[in-house]
Amino acid sequence: LMLLDKEGMLQPYAPKGLDAIKPTMRDPANPPSWVGMDVWSSAICFNTAEATKKNLPKPTSWADLTNPVYKGQITMPNPASSGTGFFDVSAWLQTMGEQGGWKYMDALHENIAQYTHSGSKPCRQSGAGEFVVGISFDFRGNDVKVKGAPVELVFPKEGLGWDIEASGIVKTTKKMDAAKKLMDWVATKEANEAYAKNFAIVAHPAVKPALAHIPADLE
């Protein structure tokens with residue numbers, strides 16, 4: 001949406017109830033070109049059953065994943081085709097620095113069995129026992145675990161990649177009134193309660209999501 005805004009493709013609009021939205025979860029312009037809904041973040045899915053068979057330790061950090069014991073046991077999303085992969089790479093470069101980030105990725109690459117086109121797939125693969133470790137995202141990890149897979153979710157201590165899901169209006173829409181009506185709904189507490197069924201961080205401060213396998217202090 002920020003890219004579309006830069007290209008002049010969005011119609012700024014302040015939905016009713018905008019004042020209630022967290023300032024960090026909206027375009028700072030007034031009126032805003034986009035309004036945030038929820039945040040999704042990195043998570044590692046770790047198959048405890050397969051790890052026990054292979055005698056592999058549970059990782060607690062990104063650094064742990066460069067340990068040679070995990071060679072051929074890790075899958076992650078391809079950053080060229082997956083938003084999840086992109087925010088992982090972006091976060092590594094931001095937290096480790098340009099030089100440190102690329103050095104880390106070179107070391108991690110030695111242990112990667114597969115780069116997938118989907119951000120969900122590594123967690124599903126871990127859940128199915130195809131690989132022990134899947135670098136994925138929080139919603140998919142919680143979903144796979146709730147459905148009964150023997151996975152534990154790891155939120156690496158160095159920090160997580162993340163992204164805001166948001167809504168905006170395309171300037172050339174022929175349905176401007178309907179688009180504004182939808183944007184009004186996007187900013188409501190009711191809508192945020194719907195997002196909270198899947199996401200641990202939402203834009204409305206009065207809504208406190210509680211997902212079974214995601215830490216309450218994820219933010």
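Keep in mind the model is a prediction, meaning the values are calculated, not measured.
Sorted by first then second residue, the disulfide bond (SG atoms under 2.5 Å apart) pairs that include residues 124-219, not counting sequence neighbours, number zero. The side-chain hydrogen bond (donor to acceptor under 3.5 Å, both in side chains) contacts involving residues 23-40 comprise Asp5-Ser33, where partners must be two or more places apart or lie in separate chains. For residues 145-156, the pairs satisfying side-chain hydrogen bond (donor to acceptor under 3.5 Å, both in side chains) are Lys58-Glu152, Asp143-Lys147, with sequence neighbours left out. Residue pairs meeting the disulfide bond (SG atoms under 2.5 Å apart) criterion with at least one partner in residues 106-172, sequence neighbours excluded, are Cys45-Cys123. Residue pairs meeting the side-chain hydrogen bond (donor to acceptor under 3.5 Å, both in side chains) criterion with at least one member in residues 93-109, sequence neighbours excluded, are Ser90-Gln94, Glu98-Trp102, His109-Tyr115. Evaluation of the salt bridge (Lys or Arg N to Asp or Glu O under 4.0 Å) test over residues 200-219, restricted to residues two or more places apart or in two chains, returns Lys22-Glu219.
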Kindly indicate, with the supporting measurements, whether the criterion side-chain contact (heavy atoms from CB on, under 4.5 Å) is fulfilled by Leu182 and Ile169.
CA-CA 9 Å; Leu182 179 59; Ile169 300 175; over 6 Å; no
Start with the C-alpha gap between Asp138 and Leu218, add the side-chain angles, then the distance that decides, and say whether side-chain contact (heavy atoms from CB on, under 4.5 Å) holds.
CA-CA 10 Å; Asp138 55 353; Leu218 185 71; 3.4 Å; yes
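Side chains of Val144 and Leu153 form no contact here, defined as non-hydrogen atoms less than 4.5 Å apart. For the pair Trp62 and Met96, the minimum side-chain heavy-atom distance is below 4.5 Å.
In this structure, Glu110 contributes its side chain and Lys71 its backbone to no donor-acceptor pair below 3.5 Å. Between the side chain of Ser42 and the backbone N or O of Gly161 there is at least one donor-acceptor pair closer than 3.5 Å. A donor-acceptor pair under 3.5 Å is formed between the side chain of Thr52 and the backbone N or O of Thr48. Remark: side-chain polar atoms of Asn78 are not paired, donor with acceptor, to backbone N or O of His117 under 3.5 angstrom.
Neither Leu1 nor Val170 shares a network with the other; the hydrophobic side chains, linked directly or stepwise wherever heavy atoms of I, L, V, M, F, W or Y lie under 4.5 Å apart, form separate groups for each.
Shown here are the salt bridge (Lys or Arg N to Asp or Glu O under 4.0 Å) partners of Glu130, two or more places apart in sequence or in another chain: there are none. For Thr66, there are no side-chain hydrogen bond (donor to acceptor under 3.5 Å, both in side chains) partners at least two apart in sequence or on another chain. For Thr84, there are no side-chain hydrogen bond (donor to acceptor under 3.5 Å, both in side chains) partners two or more places apart in sequence or in a different chain. Taking Glu50 as the reference, Asn47, Lys53, Lys54, Val132 meet the side-chain contact (heavy atoms from CB on, under 4.5 Å) condition, with sequence neighbours excluded. For Glu165, the side-chain hydrogen bond (donor to acceptor under 3.5 Å, both in side chains) criterion is met by no residue, not counting sequence neighbours.
Atom CE of Met176 has more than 12 neighbouring heavy atoms from other residues, nucleotides or ligands inside a 6.0 Å radius. Annotation for Met105: atom CE counts as buried by contact number, over 12 foreign heavy atoms lying within 6.0 Å. In the displayed structure, Phe155 atom CZ is contacted under 6.0 Å by more than 12 heavy atoms of other residues, nucleotides or ligands.
Between the CZ atom of Phe131 and the CD1 atom of Ile74 there is a distance of 11.0 Å, given to the nearest 0.5 Å.
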N/O donor to acceptor pairs below 3.5 angstrom from side-chain atoms of residues 189-197, sequence neighbours left out:
unit_1 : atom_1 : unit_2 : atom_2 : d
Glu190 : OE1    : Trp185 : NE1    : 3.2
Asn192 : OD1    : Ala203 : N      : 3.1
Asn192 : OD1    : His204 : N      : 3.0
Asn192 : ND2    : Thr188 : O      : 2.9
Tyr195 : OH     : Val186 : O      : 3.0

